[in-house]
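Within every chain, numbering begins at 1; the chains are lettered A, B, ... in the order of the sequence lines, protein sequences first and strands thereafter.
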Amino acid sequence: MSALSARIALVGNPNSGKTALFNALTGARQKVANYAGVTVERKEGTVKTPAGRTLSVLDLPGTYSLRARSPDEAVTRDAVLGRLAGETPPDALVAVADATNLRLVLRLILELKAVGRPMVLALNMYDIAQRQGLRIDLDGLRRELGCPIVTTVATRKRGIDALTAEVDALLDKGALAGPNQWREPTAAEIRDAHREAQRILRTYVRPPERPDTLTGRIDSVLLHPVAGLAILLALLFLIFQAVFAWAAPLQDLIDLGFQGLAGLVGQVLPDGLLRSFITDGLIAGVGGVLVFLPQILVLFLFIILLEDSGYMARAAFLMDRIMGGAGLHGRAFIPLLSSFACAIPGIMAARVIDTRRDRMTTILVAPLMTCSARIPVYTLIISAFIPSERVWGGLSLQGLVMFGLYAAGILSALLVAFVIRRVFWRGAVEPFLMELPTYKLPAFSSVARGLLQRAEIFIGRAGRIILPLMVLVWFLSSFPAAPPGAESPIDYTFAGRLGHFLQPLLAPIGFNWQMTVALIPGFAAREVAVAALGTVYAVGDAEANIGALATQLHHHWSLATGLSFLAWYVFAPQCLSTLAVVRRETNSWVWPAVMVAYQGGLAYLAAFIVYRTAVAFGAG
Amino acid sequence: MSSTPTTPPTMAQDASPAIRLSQARPGDAGWIVEVRQQSGRDRSLPPEELERRLLEFGFVEGATVELLHEGPVGGDPIAVRLDDMRVALRRDDAHEVWIRLAAEAK
Ligand SMILES: Nc1nc2c(ncn2[C@@H]2O[C@H](COP(=O)(O)OP(=O)(O)OP(=O)(O)O)[C@@H](O)[C@H]2O)c(=O)[nH]1
Ligand SMILES: [Mg+2]
């Protein structure tokens, strides 16, 4: 009985808590949020059962039926039916149901029963069901469905042992898989199944004594045609102001810490290569990016609160018409909003879109949304060139510019989508149905855990990507050493030569050779450009005082150049991982190539226009 | 949550005429009498596909509906209470759903 192992899969409607349950079972940290379509790929983990079995657990995208329509739902269908090459169907299914919303999942369960695998039903969110005074006749339901039932509260890890024990019992009993009789139901069959589900529901479930009325009351404000839209805009505005204003004091603190560190190193180490490596390469480079941790965390605090509360679906509702006007599918909203964090999960989230052209359009414009890796670049340039003033009764001017950059990203995404859908791919409108989940108060612990995870990712990137690249950049901008007495030693190094060689290409948009050099490692990740600028300027100014990078840029660049750099970064395809994900998601190199071409073209054009305009106004 | 018992369409057949859900205004409440995808509309979907999607989402004959909210631009999309769920959909898709308004909602 000891060395047993088995495979189970979690199946259920979207937003029923499958991933929360998966995390509770396996200790994983997969993303959980209060909207439909969070999970878009299969994830595997393991858990030991009371009987000593090693269960391999599969978390799957949510679905309303096995009749998959979009790529994410196809993943679920294929996993449940064991259709993937080299894979058998799971030994048992765990149907995960939101206990407060059983109607649709009961119909899905009837479909799952036809698949013929042993099944356990997990009635999740049982805490909410109890709070509402919902009464479910568990024994009756157990008999009716012919499968064991456990009640769970996934977010508080309740009922987990009972669940694995039931899986044990089921497998010990030798419950064998019956023949798979599932096939796509016709409309008439779906109606029949609904009738059956309705009968089961009436027999075994009593309506709640204290139904949730809060959601309705909140919605009458947040979905109000005027107030709702105003609140959405105010919220976005607040976020980008906060990213700038709230984080600044903390950022200054970290900045001070790094400068102190550099000063210390300067005292301890003699002037030479080692000191230059530590202060110019590590502190000015990697440290120059790490100071933006507070900004990243403020942004994610808002994103997590919006996602966990249930507001995302409301925002999608309010924006649907505008998105539709640009030719975007209704389900494109959440992928695009996720791209504010990073385009990669955003592009993957586009799997919830069923038609290929709608999905491709979403993927192509997702990188135009301002991802969090642009924050260091934007913040740096803004604090170097935009005065820290208050305008219009207390709004921070810097925050306004930040908001403007986000708005530029959103508008250009809509515009590009419009061009794609109206010029290249004209087609019919696809149906769009979306559940509006009940509001939930985000749990402090899960918000904190989410923030911690983001901090780890950000710092991890600094270690894995930025650090090695900065070692390289430092090396290239230190060697070969200039002859003694040279006026500008860095011009003799590899970086200096490369920069001077390539700079004519970017001269029309006002970039100097240091910027040209910084853009090259900046393809690995956007924030690397900040680190590279830090290192190149630190090495070049060995004599000058080590001030904040922003001060140096203010000294070395014209305003026109600063603005042009910002415009470049709104559009430029400066992220190899995004291109790699596009290649994986579209299974072709054509789309990454299209992306590089159109984004690169837009970036050059925008930077050119901005630079020339600024110069014409005397900011050159 | 569940089963607020629904009046079967037949019992109130002459209470009010059936309208399309796409024509409903905020506050309108009733139950679904028919879900049927009309042929000949500009859809890239196979026949019956939209009908099946609507059914799988719970838009099924006998379900109660109430129009809760309209989108800010052109009253589209709409948010409806569908039995115990809240669902958002575009009026264009709601076109295929026929409802009969309950008497008191008029
Ligand atoms: N109160 C309560 N909330 C829960 C419970 N389980 C999950 N949630 C919340 O329900 C929401 C959805 O949870 P997820 O685990 O992301 O749902 P999912 O089924 O994986 O959703 P998809 O990946 O979109 O299919 C989140 O906001 C969770 O915090 C529970 O037992 N009780
Ligand atoms: Mg999930």
**Prompt:** So which of A:Gly228, A:Ser220, A:Ala313, A:Ala129 has the biggest tally of heavy-atom pairs under 4.5 Å with chain B?
**Reply:** A:Ser220
**Message:** For A:Ser65, give me all partners under side-chain contact (heavy atoms from CB on, under 4.5 Å), at least two apart in sequence or on another chain.
**Reply:** A:Arg67, A:Arg107, A:Glu111, B:Glu56
**Message:** Given 3.5 Å as the limit, does a donor-acceptor pair link the side chain of A:Thr361 with the main chain of A:Ala417, or not?
**Reply:** no
**Prompt:** With a 4.5 angstrom heavy-atom cut-off, which part of B:Ala94 approaches chain A: side chain, backbone, both or neither?
**Reply:** neither
**Prompt:** Looking only at heavy atoms, which two atoms of A:Ala36 and A:Pro14 are closest? And how far apart?
**Reply:** CB-CB, 3.5 Å
**Message:** Does any backbone or side-chain atom of B:Ile78 lie under 4.5 Å from a heavy atom of chain A? Answer side chain, backbone, both or neither.
**Reply:** backbone
**Request:** Pick one of side chain, backbone, both or neither for A:Asp354, based on which atoms fall under 4.5 Å of a heavy atom in chain B.
**Result:** side chain
**Request:** May I ask you to establish whether A:Arg217 and A:Tyr439 are in a cation-pi arrangement, using a distance under 6.0 Å from NZ or CZ to the six-membered ring centre and at most 45° from the ring axis?
**Result:** no
**Neighbourhood of chain B inside residues 184-197 of chain A, taking heavy atoms under 4.5 Å as contact** = A:Glu184, A:Pro185, A:Thr186, A:Ala187, A:Ile190, A:Arg191, A:His194
**Request:** Decide yes or no for A:Ile200 and A:Leu145: does some side-chain heavy atom of the first lie under 4.5 Å from some side-chain heavy atom of the second?
**Result:** yes
**Asked** How many angstroms lie between CZ in B:Phe59 and CG in B:Leu50, if you round to the nearest 0.5 Å?
**Response** 10.5 Å
**Message:** I'd like to know whether CZ of A:Arg210 has more than 12 heavy-atom contacts from other residues, nucleotides or ligands below 6.0 angstrom.
**Reply:** yes
**Message:** Any side-chain to backbone donor/acceptor pair from A:Asn124 onto A:Val96? Under 3.5 Å, distance only.
**Reply:** no
**Request:** Indicate whether any N or O donor in one side chain lies under 3.5 Å from an N or O acceptor in the other, for A:Asn101 and A:Glu435.
**Result:** yes
**Request:** Measure A:Leu433 against the heavy atoms of chain B and call it side chain, backbone, both or neither at under 4.5 Å.
**Result:** both
**Message:** Within the supplied structure, the quantity of interest is the number of heavy atoms (other residues, nucleotides, ligands) at a distance under 6.0 Å from A:Arg142 CZ; does it exceed 12?
**Reply:** yes
**Message:** Does any backbone or side-chain atom of A:Leu229 lie under 4.5 Å from a heavy atom of chain B? Answer side chain, backbone, both or neither.
**Reply:** side chain
**Prompt:** Where the side chain of B:Arg81 meets the backbone of B:Ala29, is there a donor-acceptor pair that is under 3.5 Å apart?
**Reply:** no
**Counterpart residues, side-chain contact (heavy atoms from CB on, under 4.5 Å), relative to A:Arg321 (two or more places apart)** = B:Val73, B:Asp76
**Message:** Is it the case that the side chain of A:Arg77 and the backbone of A:Glu73 share a donor-acceptor pair, with hydrogens and angles ignored and the cut-off at 3.5 Å?
**Reply:** no
**Prompt:** Going by residue number, which parts of residues 324-331 of chain A are within reach of chain B, meaning a heavy-atom gap below 4.5 Å?
**Reply:** A:Gly324, A:Leu328, A:His329, A:Gly330
**Asked** Among B:Ala79, B:Pro26, B:Gly71, B:Gly74, which residue forms the greatest number of heavy-atom pairs with chain A at distances under 4.5 Å?
**Response** B:Ala79
**Message:** Heavy-atom pairs under 4.5 Å with chain B: which of A:Asp219, A:Leu108, A:Ile136, A:Ile322 has the most?
**Reply:** A:Asp219
